[in-house]
> 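Mind looking over this structure? Questions follow.
All residue numbers in this chain count up from 1 along the given sequence. Note: hydrogens, waters and symmetry copies are ignored here, and every other heavy atom, side chains too, is used.
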Amino acid sequence: MTPADGSTGQPATTPPAAPVPADASVLLRTEGRAAYIVLNRPRALNALTHPMVRRIDQALAAWAKDPAVETVVLTGAGERGLCAGGDIRAIYDDARTGGTASADFWRDEYRLNARIARYPKPYVAVMDGIVMGGGVGVSAHGSVRVVTERSRIAMPETGIGFVPDVGGTYLLGLAPGELGTHLALTGQQLGARDALLCGLADHFVPSDSLPRLVADLASDPVREVLARYVAEAPPGVLGDQREWIDACYPAGSVEEIVDRLAGHGAQAAKEAAETLHTKSPTALKVTLSALRRARQLGPLERVLEQEYRVSCAALGSADLVEGIRAQVVDKDRDPHWSPARLADVTGDDVARYFAPLGARELALAADRSPQEVPW
């Protein structure tokens with residue numbers, strides 16, 4: 001897909017944006033048969049900014065046409081993780097002032113997510129350490145997703161009054177049984193084995209093998225390199241929790257899900273109910289609706305279009321500002337949601353998040369090319 005100018009709201013058949021000036025927040029290089037992307041904001045846990053998204057997208061577009069590049073490799077700088085998501089503080093400032101910067105960012109970010117999912121060459125995402133929100137978007141849509149014993153993967157948006165995006169409702173909708181519903185509503189972090197179980201990763205590699213794996217991709221094909229380093233992942237927790245998850249989460253409403261969890265005999269189910277009581281009631285109801293709608297929409301591009309509508313609506317909500325304030329700005333961990341109770345969030349409140357945007361629609365599906373086998 002050809003990138004569009006994020007300010008136009010037009011499909012990706014418009015002329016590409018001007019080149020993004022190089023900066024140190026994304027390091028790009030080619031070596032041998034591989035091209036490397038390093039997210040390089042370690043003090044911010046490599047949180048994504050708009051210029052970073054545009055730079056990655058333009059690099060991927062160029063490398064897709066470069067016969068010298070056979071594999072693309074994504075890593076994060078520092079020891080803490082690949083990427084903790086988008087720049088939440090910038091979204092907070094934008095939401096408070098009624099700006100459009102976040103909507104412009106999401107437009108380009110979701111286009112990048114779609115490009116990664118359809119990339120015609122192996123895209124190796126090293127999901128070491130913390131991988132959350134937007135970090136999932138630039139990794140879990142790739143064709144080769146590597147996790148380690150340090151991986152902590154999550155879509156924690158309901159805790160800040162937001163809804164899983166970057167194709168998160170698509171990915172979680174594909175998870176076995178009701179695991180995706182549980183993860184979307186609670187924001188629970190996943191280790192390596194559970195990420196493999198839920199379809200968010202493909203291979204486990206011990207973290208001390210990563211430098212050699214990444215280096216070997218410059219000289220050898222992906223399959224050969226993986227064969228050297230893939231190992232058995234350590235035990236997870238979700239496999240043993242499928243009984244209560246699959247029993248509680250098919251309920252028709254968030255209220256009924258909470259009641260089922262609270263009334264179940266499993267201690268972990270009761271803890272999940274307690275967790276849901278701390279999340280934004282509006283975000284929980286919109287998330288459940290978004291996830292269930294996503295399962296019926298078909299390709300990723302359709303789901304990203306829906307997520308864009310939802311994200312833009314959330315930008316004008318009181319809960320997003322309050323959630324970020326409580327978790328990131330003041331850090332008092334005491335958000336005051338509005339409405340404060342699930343029962344007070346109406347069907348009309350939820351429907352507003354899915355209202356068409358008219359000329360501002362993301363309009364990705366029209367640009368979808370047939371799925372190619374990347375390697």
Side-chain angles (χ1 to χ4, degrees), residues 1-17 48 50 53-54 56-57 60-61 85-86 91 94-95 100-119 133-134 136-142 155 157-158 162-175 180-181 184 200 282-283 285-317 320 349-372:
M1 293 177 292
T2 305
D5 180 344
S7 66
T8 65
Q10 298 303 311
T13 53
T14 56
L48 295 171
H50 199 167
V53 164
R54 291 182 58 209
I56 296 166
D57 189 70
L60 290 177
I91 294 172
D94 190 42
T100 63
S102 296
D104 294 341
F105 166 64
W106 290 325
R107 180 179 294 278
D108 285 344
E109 183 183 26
Y110 299 175
R111 288 188 183 282
L112 173 61
N113 301 148
R115 183 188 293 282
I116 291 169
R118 305 294 174 194
Y119 206 63
V136 173
V138 294
S139 60
H141 295 296
M155 297 298 293
E157 286 78 6
T158 58
F162 197 50
V163 177
D165 66 335
V166 297
T169 59
Y170 176 84
L171 293 166
L172 294 176
L174 295 175
T181 311
L200 297 177
T282 301
K285 287 199 171 184
V286 175
T287 294
L288 183 63
S289 181
L291 186 68
R292 291 179 173 175
R293 291 172 182 236
R295 289 171 174 157
Q296 308 300 319
L297 285 174
L300 170 64
E301 288 82 359
R302 290 292 187 198
V303 179
L304 286 167
E305 290 172 349
Q306 172 176 274
E307 290 180 351
Y308 188 71
R309 296 183 197 111
V310 171
S311 296
C312 288
L315 193 61
S317 71
L320 179 60
D349 292 334
V350 173
R352 179 179 67 82
Y353 283 76
F354 300 92
L357 297 175
R360 296 187 296 120
E361 290 282 7
L362 185 57
L364 275 176
D367 306 307
R368 177 176 179 257
S369 58
Q371 176 68 64
E372 299 177 56

> Say whether, by atom type as modelled, one donor and one acceptor occur between the side chain of D94 and the main chain of A101 under 3.5 angstrom.
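Yes: the side chain of D94 pairs with the backbone of A101.
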> Quick one: OG1 on T169 to CG on L297, what's the gap to the nearest 0.5 Å?
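Interatomic distance, T169 OG1 to L297 CG, rounded to 0.5 Å: 8.0 Å.
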> Check R118 against P299 and note the closest heavy-atom contact, atom names and distance.
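Scanning both residues, the minimum pair turns out to be NH2-CB, 4.0 Å.
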> Assess whether side-chain contact (heavy atoms from CB on, under 4.5 Å) is satisfied between K285 and D349, documenting all intermediate values.
CA-CA 9 Å; K285 287 199 171 184; D349 292 334; over 6 Å; no
> Using every non-hydrogen atom in the two residues, find where Y308 and A103 come nearest and quote the distance to one decimal.
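In terms of heavy atoms, the two residues are closest at OH-O, 3.2 Å.
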> Looking at R115 and D57, is there a salt bridge between them, counting it only when a charged N and a carboxylate O are closer than 4.0 Å?
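Salt bridge between D57 and R115, a charged N being under 4.0 Å from a carboxylate O: yes.
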> When rounded to the nearest 0.5 angstrom, what is the spacing between OG1 in T158 and CG in L288?
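Rounded to the nearest 0.5 Å, the OG1-CG separation comes to 11.5 Å.
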> Check whether any side-chain heavy atom of R111 lies under 4.5 Å from a side-chain heavy atom of L364, and answer yes or no.
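Yes, at least one pair of side-chain atoms sits under 4.5 Å.
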> Are the side chains of D108 and L112 in contact, using a 4.5 Å heavy-atom criterion?
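Side-chain contact under 4.5 Å: no.
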> Let me confirm one number: the OG1-CZ distance from T282 to R352, rounded to the nearest 0.5 Å.
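T282 OG1 to R352 CZ: 8.5 Å, rounded to 0.5 Å.
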> Could you grab the distance from atom OG1 of T287 to atom OH of Y353, nearest 0.5 Å is fine?
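Going from the OG1 atom of T287 to the OH atom of Y353 covers 9.5 Å.
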> Ring-plane angle category for F162 and W106, please: parallel below 30°, perpendicular beyond 60°, tilted otherwise.
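Because their plane-to-plane angle is under 30°, the rings of F162 and W106 count as parallel.
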> Do the side-chain N and O atoms of D104 and H50 include a donor-acceptor pair separated by under 3.5 angstrom?
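Judged by distance alone, the side chains do not pair up.
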> I'd like to know if the side chain of Q306 and the backbone of A290 have a donor-acceptor N/O pair within less than 3.5 Å.
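Confirmed, Q306 side chain pairs with A290 backbone.
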> Just verifying a value: how many Å separate F105 CZ and L48 CG, rounded to the nearest 0.5 Å?
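Reported value, rounded in 0.5 Å steps: 5.5 Å.
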> Tell me whether the NZ or CZ atom of R293 lies within the 45° cone about the ring axis of F354 and under 6.0 Å from its centre.
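That pair qualifies as a cation-pi contact.
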> What pair of heavy atoms forms the shortest contact from A184 to L291, and how long is it?
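A184 and L291 have their closest heavy atoms at CB-CD2, 4.4 Å.
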> Taking all atoms of both residues into account, what is the closest heavy-atom pair of R295 and L172, and its distance?
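Shortest heavy-atom separation between R295 and L172 comes out as NH2-O, 4.5 Å.
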> Given the rule in the side-chain contact (heavy atoms from CB on, under 4.5 Å) test, do E157 and V163 qualify, once you have shown the distances and angles that lead to the verdict?
CA-CA 5 Å; E157 286 78 6; V163 177; 5.6 Å; no
> Identify the two heavy atoms, one from E109 and one from D165, that lie closest to each other, and give their separation to 0.1 Å.
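Looking at all heavy atoms of both residues, the shortest contact is OE1-OD2, 4.5 Å.
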> Hey, could you give me the CG/CD distance between L362 and E301, rounded to the nearest 0.5 Å?
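One gets 9.5 Å once the value is rounded to the nearest 0.5 Å.
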> For side-chain contact (heavy atoms from CB on, under 4.5 Å), just list the numbers for V166 and Y110, CA-CA rounded to whole Å, side-chain angles, deciding distance to a tenth of an Å, and then say yes or no.
CA-CA 6 Å; V166 297; Y110 299 175; 4.0 Å; yes
> What closest approach, in Å, do E307 and G167 show between heavy atoms, and which atom pair accounts for it?
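Minimum heavy-atom contact is OE1-N, 2.6 Å.
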